[in-house]
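Notes for the one structure printed next.
Naming: A, B, ... by sequence-line order, numbering from 1 per chain.
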Number of protein chains: 2
Amino acid sequence: MTAKITNLREQFKTTTRQELTRVGLELFLQQGFATTTIDQIVEPLGISKRTFFRYFATKEDLVVEWQTEMTPAFVDELNSRPREEAPFKAVSETLLSLASRINTNPQLAFELMRLFKETPSLAGRDMERRMVWEQALTATLIEREGPKVMPRLKARITVGMAMTAWTAALDEWYLGGGKANLRPIMEKAFSLVTDQQ
Amino acid sequence: MTAKITNLREQFKTTTRQELTRVGLELFLQQGFATTTIDQIVEPLGISKRTFFRYFATKEDLVVEWQTEMTPAFVDELNSRPREEAPFKAVSETLLSLASRINTNPQLAFELMRLFKETPSLAGRDMERRMVWEQALTATLIEREGPKVMPRLKARITVGMAMTAWTAALDEWYLGGGKANLRPIMEKAFSLVTDQQ
DNA sequence: ACACATTTTGTCACTTAGTGACGTATTGAC
DNA sequence: GTCAATACGTCACTAAGTGACAAAATGTGT
């Protein structure tokens with residue numbers, strides 16, 4: 001009964017990947033992003049620099065990749081929303097579900113935000129990720145409502161508005177030191193969008 | 001009568017700066033951003049690589065800098081809007097004034113957009129620039145309306161919504177090959193924001 | 001258990017962006 | 001014409017990222 005024990009190889013790969021992110025994030029938060037070299041990340045794990053770049057295309061990817069990888073989760077969340085819900089509401093609720101993940105570890109989320117805001121190249125990647133999410137949600141929304149009720153431009157704007165509120169709320173939370181409860185701020189932000197005349 | 005003839009130095013500096021952007025843009029549009037090296041830009045002008053980095057902090061800045069530099073113009077535009085105009089309308093009109101600049105040379109604008117979309121690092125900087133504009137306009141809007149009618153979060157969302165429409169319209173224009181008239185698309189986009197329930 | 005193909009990794013060499021130090025040339029002010 | 005300030009070139013260096021190739025580890029067949 002030689003059961004297909006999951007690949008040793010794949011297992012090792014995922015663990016080294018995790019180790020790399022762990023050590024990397026630790027160093028970045030400690031000494032800053034730019035001042036940390038790949039060699040410093042790689043050395044305590046006994047891995048070569050070349051191998052690092054086989055796991056992550058760039059130094060930034062070490063921090064950003066997991067965000068992009070959670071895109072499908074959003075799409076699923078939006079797809080599972082009740083069909084009678086208004087478009088903007090559905091997208092807002094989808095984004096709100098992410099906010100609760102942040103509430104799981106607000107300390108870390110705050111530190112990460114600081115890192116992103118202090119590091120231009122990371123800020124850029126963060127914006128890029130926002131665009132990825134926007135595009136994915138836009139496509140999903142069009143699919144959900146049909147292109148007649150929801151043509152591309154309209155869908156993009158609906159999603160964009162929700163995302164704007166989301167970003168603004170996060171910034172507001174950050175400016176308050178990350179101590180406040182994120183959810184009410186975000187709900188306030190969403191209501192400000194719908195109240196616009 | 002040793003009149004203060006404008007600094008020879010400053011004059012030379014601005015011309016070399018212009019030359020660098022000219023040659024750089026030419027090469028970027030021809031061969032792509034990543035495949036063009038600083039040496040290639042610098043060689044036909046007889047300038048050293050080191051000097052290039054005295055003019056531009058990064059390779060990306062060669063393309064992006066002028067956009068950031070036009071931020072004050074936006075602020076002025078928003079400030080000069082009639083005081084009785086509704087906040088969102090004022091911001092929208094401000095952004096529309098930029099659209100007309102694009103209409104001056106749509107061909108070039110389209111090529112540049114393509115370059116930005118094809119080059120990840122440039123896309124990142126472009127998003128960063130968007131944030132700079134947003135922040136500047138947000139501050140101006142708060143100043144204009146007073147922090148009581150227009151607290152930070154509300155101002156940020158008002159500006160963000162206008163910016164979302166602006167970006168979506170530009171993308172729509174780009175997806176159409178840059179052949180359509182930008183202004184009506186943009187007006188449509190702004191109206192879609194205000195029509196949201 | 002053995003042989004063989006596949007995949008992963010390390011080493012080496014290389015390109016390119018970007019920086020610091022220092023000397024030289026150019027310009028502005030007197 | 002002298003002198004200080006500023007801009008530039010040269011050189012040397014760090015660090016990100018890539019290509020090529022060989023060595024090591026793993027998976028798959030028998």
Side-chain angles (χ1 to χ4, degrees), chain A residues 1-21 23-25 27-28 31-65 115 119-125 128, chain B residues 1-21 23-25 27-28 31-65 115 119-125 128:
Chain A
M1 216 166 71
T2 50
K4 263 189 223 155
I5 305 162
T6 43
N7 283 347
L8 259 190
R9 241 172 209 170
E10 293 302 318
Q11 240 173 306
F12 275 132
K13 287 214 307 188
T14 49
T15 51
T16 45
R17 174 174 280 262
Q18 284 169 349
E19 293 284 273
L20 282 173
T21 12
V23 176
L25 268 183
L27 288 176
F28 291 159
Q31 343 168 341
F33 183 80
T35 50
T36 302
T37 69
I38 308 285
D39 288 320
Q40 287 177 343
I41 300 172
V42 136
E43 192 257 9
L45 297 172
I47 295 176
S48 77
K49 191 184 78 173
R50 191 63 183 89
T51 299
F52 175 92
F53 286 109
R54 291 202 179 93
Y55 281 92
F56 301 99
T58 69
K59 196 174 154 189
E60 285 81 12
D61 277 299
L62 183 70
V63 195
V64 174
E65 217 179 38
L115 183 65
T119 314
S121 64
L122 281 181
R125 296 297 301 266
E128 232 179 299
Chain B
M1 216 163 74
T2 51
K4 263 188 222 155
I5 304 162
T6 42
N7 282 347
L8 258 190
R9 241 172 209 170
E10 292 303 318
Q11 239 173 307
F12 275 131
K13 289 214 307 188
T14 50
T15 51
T16 45
R17 174 174 280 261
Q18 284 169 348
E19 293 284 273
L20 282 173
T21 10
V23 175
L25 269 183
L27 288 175
F28 291 159
Q31 343 169 338
F33 183 81
T35 50
T36 303
T37 68
I38 308 286
D39 286 321
Q40 287 177 345
I41 300 171
V42 136
E43 193 256 6
L45 297 173
I47 293 176
S48 77
K49 193 184 75 174
R50 190 63 184 88
T51 298
F52 175 93
F53 287 108
R54 291 202 179 96
Y55 281 92
F56 302 99
T58 70
K59 196 174 154 187
E60 284 81 13
D61 277 298
L62 182 70
V63 195
V64 174
E65 216 179 40
L115 182 66
T119 314
S121 64
L122 281 181
R125 295 297 301 267
E128 232 179 297

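Closest-nucleotide positions on DNA chain C for A/G46 and B/A34 were compared, and the one nearer the 5' end corresponds to A/G46. For the pair B/F12 and A/A57, both in contact range of DNA chain D, the more 5′-proximal nearest nucleotide belongs to B/F12. In this structure, A/R54 and A/T37 both approach DNA chain D, and ranking their closest nucleotides by distance from the 5' end singles out A/T37.
Remark: P of D/dA16 and CD1 of B/I38 are 18 Å apart, rounded to the nearest angstrom. Atom CD in B/E43 sits about 17 Å away from atom C1' in C/dT16, given to the nearest Å. For the pair A/I47 CD1 and D/dA24 P, the computed distance is 18 Å after rounding to whole Å. Put simply, CZ on B/F56 is 18 Å from C1' on C/dT19, counting in whole angstrom units. For the pair B/F53 CZ and D/dC11 P, the interatomic distance rounds to 18 Å; values are reported in whole Å. Residue A/K59 contributes atom NZ, which lies 21 Å from atom P of C/dT16 at whole-angstrom precision. For A/E60 and C/dA17, the CD to C1' distance is 13 Å, given to the nearest whole Å. Taking atom NZ of A/K49 as the reference point, atom P of D/dG17 lies 10 Å away to the nearest angstrom.
In this structure a side-chain-to-backbone donor-acceptor pair under 3.5 Å is present from A/Q40 to A/T37. Without hydrogens or angle criteria, A/K13 side chain to A/Y55 main chain gives no donor-acceptor distance under 3.5 Å.
Nucleic acid contact for A/T36: sugar-phosphate only, since backbone atoms but no base atoms lie under 4.0 Å from a heavy atom of the residue. Across all strands, B/K13 comes closer than 4.0 Å only to sugar-phosphate atoms, never to a base (heavy-atom distances). If you check every strand for non-hydrogen atoms under 4.0 Å, A/Y55 touches sugar and phosphate atoms only.
At the phosphate of D/dC8, neither OP1 nor OP2 sits under 4.0 Å from any side-chain N or O atom of B/S48.
You'll find that the side chain of A/R50 is closest to C/dT11, out of C/dG20, C/dA17, C/dT11.
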List the steps, then state whether side chain to side chain contact (heavy atoms under 4.5 Å, CB included) holds for A/L122 with A/V63. CA-CA 8 Å; A/L122 281 181; A/V63 195; 4.2 Å; yes

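Rounding to the nearest 0.5 Å places CG of A/L62 at 8.0 Å from CZ of A/F33.
With salt bridges taken as basic N to acidic carboxylate O contacts below 4.0 Å, none links B/E65 and B/R125.
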